[in-house]
Number of protein chains: 2
Amino acid sequence: MPKEPVTRNDVAAYAGVSTAVVSYVVNEGPRKVAPATRDRVLTAIRVLGYRPNATARALRMGTTRTFGLITPDGGNPLFAELAKAIDKEAAARGYVVLQTSADGDPETERAKIAELLVRQVSGLVLVAPTADPDLSAAEVPAIAINRVLPKVSSIRPAYREGARQGVRHLIEHGHRRIALVIGDASPNRAVVAERDVAAGEVLPVRGVQAGHRAARAERELGWEDALRAAGLAPGPVVRVPFSRAGGRLAGEKLLAATERPTAVFASSDLQAIGVLRAVHEAGLRVPEDLAVVAFDGTPETEYSWPPLTVVRQPLELLAREAVDRLIAGEQTVEALTLPTDLVVRRSCGCPN
Amino acid sequence: MPKEPVTRNDVAAYAGVSTAVVSYVVNEGPRKVAPATRDRVLTAIRVLGYRPNATARALRMGTTRTFGLITPDGGNPLFAELAKAIDKEAAARGYVVLQTSADGDPETERAKIAELLVRQVSGLVLVAPTADPDLSAAEVPAIAINRVLPKVSSIRPAYREGARQGVRHLIEHGHRRIALVIGDASPNRAVVAERDVAAGEVLPVRGVQAGHRAARAERELGWEDALRAAGLAPGPVVRVPFSRAGGRLAGEKLLAATERPTAVFASSDLQAIGVLRAVHEAGLRVPEDLAVVAFDGTPETEYSWPPLTVVRQPLELLAREAVDRLIAGEQTVEALTLPTDLVVRRSCGCPN
DNA sequence: TTGAAAGCGCTACCAT
DNA sequence: ATGGTAGCGCTTTCAA
C-alpha cells in the first residue's frame, strides 16, 4: 500500500529548522549550515526516510536532468548497445535516460518526440530517425546519431571511410568481384542491380529520407571508392532491409547470380548474419566460397560462425559526444564524423 | 538557442480566458467549455505553440506516469527484447519508461533504484535484480521479473517446466547423455561436475542471491525432472557465466570430457551460442556430434548456425503482466509463473 | 459557463 | 547562521 510521502516540511518540523535549511543541507548549498544543525537535519532525514522530490525540483529549477532517447528499434543489438553506452555516459553525469522505440514508423517517432518534450526532457537523442522532426519549436537541445538532419546537430561514424576500409581489406585478400548488401526502404524485396559506376557519382539527397539515403549512400560510396582505387569494376548491389531476414534474402540472390561474387561487404551486422545463414543453407563456406565483411561490429558478430570481420562503429565515442553536446547545449548544426575501427576476424579469410 | 517556454498563462491571456478554462480544454474536463471558447483556446494553443508541462502536472497530480526499468545489462538481447516489450506495453497506456542498466553490480543497482525513486516514478520494474533492494520505504509499486524477491511482486517464466520440456525433446531424439550448462556467479571459471541427483533434491534458497539461485536451480531441476522421468542418469553439469564467452568455455569443457555427452541443454541463449562456437572450433557438427537446446529464445537464435531449438520466454506476456500489475498498484507478493514455448528448429536434430 | 485562488514540493532571495 | 516566503506550471474546488 502506497504510504504518505515524507516532504521537506516534515523534515524541517522534525529537525526544528526552516525548510530553507533543509534545502541547504540536501543540496550542500548555496548557504552554509552550522554543523550541529546540519546533523539534526541529517538525522531527521534518516529517521523519517525522507527522499527529495525530483519532480518539484525540476519544476522549480526548470531542468529535469533527463534525456530522451528514441531508437528505431530497441531490439536491434546496434541500438541496444548504443543506448547502453548513452545511458552509461549520462549516468556518469547525473542524468537519466527516458528510452523509447519508434518501431521504425515516422508517425510513432513524432508522437514519441512530443511525449518526451512534454515531459520536459533536458535533451533529445534521435538515433537514426526516420522522419525529419520539426524541433525548431522545442526549447530543448537535440542531437541526431547515425543520420544527418538538416536542422539538428548530428554525429555519426565515418560511413564512407569505414566502408572503404572494409572493402579494401577484402581486396587485399585478392577478391576482384565484391558485392554490396545495403539497405532499402521496401521491406521484403531484394533488388539486385549490376551497376556501372561513374567516377564521383553521388546519389541525390533530398526530401524526408534524405539523411537515411545519405548514410546508405555513404557506405555505397566507400565501397565504390575502394573498388575504383583498385581499378575494379563494382560487383552486384543488393538492396534489402537492414535485418537478418533481409541479409538472408540478399545472400540467396547473390549465390544464385550468374557471375557469383567471391566476397560481400554488408552494410550492417544484421544483414551479414543473414548472408552467413544463406551461405550455410547452400552448403557453402565462408570465407572460402564467399568472404564477408560487415559494418557495425555488435557483439553478436564475434560469435557468429565464422566470426565476422567488421568495421566497428565507435559507439562509446558517439555516446560521449552526444551527451557532451546535449549538456553543453550548443546547437551546432555541423555534423561530427567519428572514425571507425576495422576488427579482423575470420569471415574475410584472415587466419586468426 | 533555447526559447522561452510558452505557459498556460500565455495561452489564457491570448485567448482571453482564465487558466482554468485552458485546463478544461486541454484535459477535456472536468468542466465543460462552450464550443466558441474552446475554439479560441485551441487556436491560441496552436498559434503560440503551447506544450503542457508534464513536470508541473506530475507535481500537482502526484503521479509521473513514468516507470523505472532496471536491467542487469541493456546489451543482453534478452533484456533488450524484454525492455522493448515493456516500453511498448507501457506506451500503449500512456506511460513512458525510464530505462537504465545496473551493469550486474548490486551497488549500482541500489543507486539506480534510488535515482528512479527520487524521480517519482509511478512504478519500478526490476529485471533479474542481483541485490535484494529494500523497497519497503518506497511509496511505489515494484515488480521483479525473472527473479523472485521476498517482498516484491514477481513474475517469471516457467523455468522448471520449460527446461523439462526442452530436455524431454532432446530425450525424444534418443539422447541418453544430456549435459546442462547453467549460470554461476564466478566470472571466468568453468565448473564441471558429475552429479548424482537424489530424487527431489532442492538447492538451498536463502540470502541475497537466493532468488538468483532459485532461477538457476529451477532450470536445473527441470533438467533433472526430464532425465529422471526417462530413467536417465544426469549428464555433466557445467557452471559458467551467462554469456557467450561462458558458453564457449562450457562447450570446450564438454567436448574434452572423457565421456562426451551427445546433447546439451543450455540455460540461456548466450551460453548456447558460445557452445555452438566451441563445437565449430573443434571441427564438429551440431546436431550430429552434439545436439543443443537453449532457454530464452531471443532473435539471435533464429539465425545462428544451425538455428537453435529454444524454450522461448514469454516476453510479451511478462511485459504485459508487469505493466498491468504496476498500473493496478496491487502489491501481491505472490509470484506469477508464465508458460514457455518450445520452438523447434535444427540444433536439436529436427529436420526443419 | 467561467474565474479566482490554493497548493503540489522545492529553491533561493531577502531578511534578520 | 537561519527563517520567511515567492513562485515554478498545473489542476480543481468553490464562487459567481
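Worth knowing before you read on, the calculation uses all heavy atoms, side chains too, and leaves out hydrogens, waters and symmetry mates.
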B:Arg40 has an atom CZ; how far is it from atom P of C:dT1, in whole Å? 14 Å
Sub-3.5 Å donor-acceptor pair from the side chain of B:Asp87 to the main-chain atoms of A:Ser101, do we have one? yes
Please name all residues satisfying salt bridge (Lys or Arg N to Asp or Glu O under 4.0 Å) with A:Asp105, sequence neighbours left out, ordered by chain then number. none
If we ignore hydrogens and angles and just use 3.5 Å, is the side chain of B:Thr55 paired with the main-chain N or O of B:Asn53 as donor and acceptor? no
Using distance only, find each side-chain donor-acceptor pair of residues 5-17 of chain A under 3.5 Å and give its atom names and separation, not counting sequence neighbours.
| from | atom 1 | to | atom 2 | distance (Å) |
| --- | --- | --- | --- | --- |
| A:Thr7 | OG1 | A:Asn9 | N | 3.1 |
| A:Asp10 | OD2 | A:Thr7 | N | 2.8 |

Could you tell me the separation between the CZ atom of B:Arg51 and the P atom of D:dG9, rounded to a whole number of Å? 15 Å
Output the single nucleotide from C:dT2, D:dT2, D:dC10 whose closest atom is nearest the side chain of B:Ala34. C:dT2
Can you tell me the distance, in whole Å, between the CZ atom of B:Arg57 and the P atom of C:dG7? 20 Å
Which of the following nucleotides, D:dT12, C:dG9, C:dT1, is nearest to the side chain of B:Lys32? C:dT1
d(CD1, A:Ile45; C1', C:dG9) in whole Å: 14 Å
For atom CE of B:Met61 and atom C1' of D:dC10, their distance in whole Å: 9 Å
Identify the pairs formed between an N or O of the protein and an N or O of nucleotides 3-6 of chain D at a distance under 3.5 Å, and give each distance.
| from | atom 1 | to | atom 2 | distance (Å) |
| --- | --- | --- | --- | --- |
| D:dG3 | OP2 | A:Ser18 | N | 2.7 |
| D:dG3 | OP2 | A:Ser18 | OG | 3.4 |
| D:dG3 | O6 | A:Tyr24 | OH | 3.2 |
| D:dT5 | O4 | A:Thr19 | OG1 | 3.4 |

Report the distance from atom CG of B:Asp10 to atom P of D:dC8, rounded to the nearest whole Å. 11 Å
I'd like to check the ring-ring contact (aromatic ring centres under 6.0 Å, His included) partners of A:Phe67; sequence neighbours left out, ordered by chain and number. A:Tyr95
Just the rounded figure in Å: distance from C1' of C:dC8 to CG of B:Leu59. 4 Å
What nucleotide, of C:dC10, D:dT12, D:dG9, holds the atom closest to the side chain of A:Pro52? C:dC10
Would you mind classifying the nucleic acid contact of B:Ser23 as base, sugar-phosphate or nothing, using non-hydrogen atoms under 4.0 angstrom? base
For A:Asn27, report the nucleic acid contact type (base, sugar-phosphate, nothing); a contact means any heavy atom under 4.0 Å. sugar-phosphate
Does anything in residues 26-46 of chain B pair up under side-chain hydrogen bond (donor to acceptor under 3.5 Å, both in side chains), and if so which pairs, sequence neighbours excluded? B:Ser23-B:Asn27
Under 4.0 angstrom, heavy atoms only, what part of the nucleic acid is A:Val22 near: base, sugar-phosphate, or nothing? nothing
Given that B:Pro30 and B:Thr55 both sit by DNA chain D, which one's nearest nucleotide is further toward the 5' end? B:Thr55
Only pairs at least two apart or in different chains count here, so list each salt bridge (Lys or Arg N to Asp or Glu O under 4.0 Å) that has a residue in residues 69-79 of chain B. A:Lys84-B:Asp73
